[in-house]
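Notes follow the structure.
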There are 2 protein chains.
Amino acid sequence: MQVKPTSKSANPGSSEDASGLRMTRQRQEVYRVLLAQRDHPTANDVFMRVKDGLPHISLATVYNCLEVLVEHRLVRQVNFEREPSRYCPNLEEHCHFHDQHTGVIHDVKFKPGVRLGDVLDLPNGAVIEDVEINLRGQLSLA
Amino acid sequence: MQVKPTSKSANPGSSEDASGLRMTRQRQEVYRVLLAQRDHPTANDVFMRVKDGLPHISLATVYNCLEVLVEHRLVRQVNFEREPSRYCPNLEEHCHFHDQHTGVIHDVKFKPGVRLGDVLDLPNGAVIEDVEINLRGQLSLA
DNA sequence: GAATCAATTTAGAATAATTCTTGCTATTGG
DNA sequence: CCAATAGCAAGAATTATTCTAAATTGATTC
Ligand SMILES: [Mn+2]
Ligand SMILES: [Mn+2]
Ligand SMILES: [Zn+2]
Ligand SMILES: [Zn+2]
């Protein structure tokens, strides 16, 4: 994933990437901490981590940055039940397994060749734009 | 699904059903409303519908009733993104498709014989207690 | 049937994640 | 440089949900 500093774009005359995202210091740092520790942090987790590099950043800005990163599909928003949203920079098609013993959220990939229409009895004419699969359970090492 | 009035249990000496649920008027009415119109209403939707039969019921009680019905697995709580929770009395294994054109949430069943482990590359030793699959898209009748 | 006693209900207050508002600053393109 | 647009920060507002505390219910025991 290309992250261009605001003022040195490969796209002359614009600091925006192809999708129109202006990569400001705040957005860059938010994205950087998401890549650095891929443990599905909450917005507040991100806020605390980003403050190391940008001590004056506000929580509202972290929310703004996360929102724009999600809109531009650099980051996925992950919602378990009604808990605070978590953020995931893994762009591969995958779903999430919440180990309730450790609290860890694991990325889970689909087995190769699996099509959604193969396993679900979708309504006729359904065009799926977004799929969210969340699992809860435990990792028993028995 | 059996719904027993509080005072006439088949279990002598107790008004509770096998799982320990005391079916009060409020819980009965909340459950009845969910069965009567299976459109995945929010807690507030349920509140408004239940007031027809129990004009003095409070929203807190509706939340309490829904919580206990979910705990006792008579009702499923359905969460799309960070929208208000919705409630579903369909106990068959199924998932949800949100048609963003109409706003309708459809129940979607799995094709027969599909096992989760067949399609997902689960971590070794993972014991899944709960699965939540949410789809967003449109029903184009083309 | 009255006393007991825990479970339930209710109204309203509190909570907390998120969003909004507003004024300021930075960046862009000309 | 200038004007216009976009982004940021601080704090207020929103809102679904949960909590608190007091009243009520109703099942069980006397
Ligand atoms: Mn956290
Ligand atoms: Mn509704
Ligand atoms: Zn992930
Ligand atoms: Zn359903």
Side-chain angles (χ1 to χ4, degrees), chain A residues 4-17 19-31 40-48 50-51 53-72 75 77-87, chain B residues 4-17 19-31 40-48 50-51 53-72 75 77-87:
Chain A
K4 307 185 191 68
T6 299
S7 311
K8 290 173 186 174
S9 173
N11 177 10
S14 169
S15 71
E16 302 175 356
D17 71 7
S19 65
L21 172 66
R22 193 186 295 182
M23 194 50 84
T24 64
R25 288 243 310 299
Q26 289 84 350
R27 290 170 183 175
Q28 207 168 310
E29 195 66 9
V30 165
Y31 188 46
H40 305 90
T42 64
N44 199 63
D45 293 334
V46 172
F47 178 47
M48 294 187 299
V50 161
K51 276 198 281 195
L54 292 173
H56 296 300
I57 198 170
S58 73
L59 180 56
T61 296
V62 171
Y63 272 104
N64 289 340
C65 292
L66 290 169
E67 179 180 60
V68 81
L69 290 170
V70 169
E71 280 168 354
H72 287 261
V75 169
Q77 187 171 6
V78 179
N79 296 300
F80 268 90
E81 314 278 320
R82 302 204 55 79
E83 290 171 16
S85 289
R86 295 166 176 280
Y87 297 88
Chain B
K4 305 185 192 70
T6 300
S7 312
K8 291 173 186 171
S9 173
N11 178 10
S14 168
S15 72
E16 301 173 355
D17 72 6
S19 66
L21 172 64
R22 191 185 296 182
M23 193 50 84
T24 64
R25 289 243 309 299
Q26 288 84 352
R27 289 170 184 175
Q28 208 169 310
E29 195 66 8
V30 165
Y31 187 46
H40 304 91
T42 64
N44 199 62
D45 293 334
V46 173
F47 179 48
M48 294 188 296
V50 160
K51 276 199 279 195
L54 292 174
H56 296 300
I57 198 170
S58 73
L59 180 57
T61 296
V62 171
Y63 272 103
N64 289 341
C65 292
L66 290 169
E67 180 181 60
V68 81
L69 289 170
V70 168
E71 280 169 355
H72 287 261
V75 169
Q77 187 171 4
V78 179
N79 296 299
F80 269 89
E81 313 278 318
R82 302 205 53 81
E83 290 172 15
S85 288
R86 294 165 178 279
Y87 297 88

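What's counted below: heavy atoms across the whole structure, side chains too, no hydrogens, waters or symmetry copies.
One interatomic measurement links the two molecules: NE2 of His56(A) to C1' of dC8(D), which rounds to 13 Å at whole-angstrom precision. The interatomic distance linking Glu67(B) (CD) with dT8(C) (C1') rounds to 13 Å, in whole Å. Here the C1' atom of nucleotide dA9(D) and the CD atom of Glu29(A) are 17 Å apart, to the nearest Å. Residue Arg27(A) contributes atom CZ, which lies 12 Å from atom C1' of dT27(C) at whole-angstrom precision. Here the P atom of nucleotide dT9(C) and the NZ atom of Lys51(B) are 17 Å apart, to the nearest Å. Atom pair Asn64(A):CG and dT21(C):C1' shows a separation of 12 Å (rounding to whole Å applied). Atoms CD (Gln28(A)) and P (dC8(D)) sit 11 Å apart, rounded to a whole Å. Atom CZ of Arg22(A) and atom P of dG7(D) are 5 Å apart (whole Å).
At least one side-chain nitrogen or oxygen of Thr61(B) sits closer than 4.0 Å to the OP1 or OP2 atom of dT10(C). Note on Ser58(B): every side-chain N or O is 4.0 Å or more away from OP1 and OP2 of dT9(C). For the OP1/OP2 pair of dT25(D) and a distance below 4.0 Å, the side-chain nitrogens and oxygens of Gln26(B) include no atom meeting the criterion.
No hydrogens or angles considered: nothing links the side chains of Asn64(B) and Thr61(B) as a donor-acceptor pair under 3.5 Å. Between Gln77(B) and Ser85(B), the side chains place a donor N or O and an acceptor N or O closer than 3.5 Å (distance only, hydrogens not considered).
Closest approach of Leu21(B) and Arg27(B) over heavy atoms only: CD1-NH1, 3.8 Å.
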Are there any protein N/O atoms within less than 3.5 Å of an N/O atom in nucleotides 12-15 of chain C, and if so, which ones and at what distance?
none

Do any N or O atoms of the protein come closer than 3.5 Å to N or O atoms of nucleotides 16-18 of chain C, and which pairs are they?
| residue | atom | partner | partner atom | Å |
| --- | --- | --- | --- | --- |
| dT18(C) | OP1 | Ser85(A) | N | 2.9 |
| dT18(C) | OP1 | Ser85(A) | OG | 3.2 |
| dT18(C) | OP1 | Arg82(B) | NE | 3.3 |
| dT18(C) | OP2 | Tyr63(A) | OH | 2.5 |
| dT18(C) | O5' | Tyr63(A) | OH | 3.4 |

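Checked by atom type and distance alone, the side chain of Arg82(B) pairs as donor or acceptor with a backbone atom of Glu83(A) at under 3.5 Å.
Every residue meeting the salt bridge (Lys or Arg N to Asp or Glu O under 4.0 Å) condition with Glu81(B), not counting sequence neighbours, appears here in chain and number order: Arg136(B).
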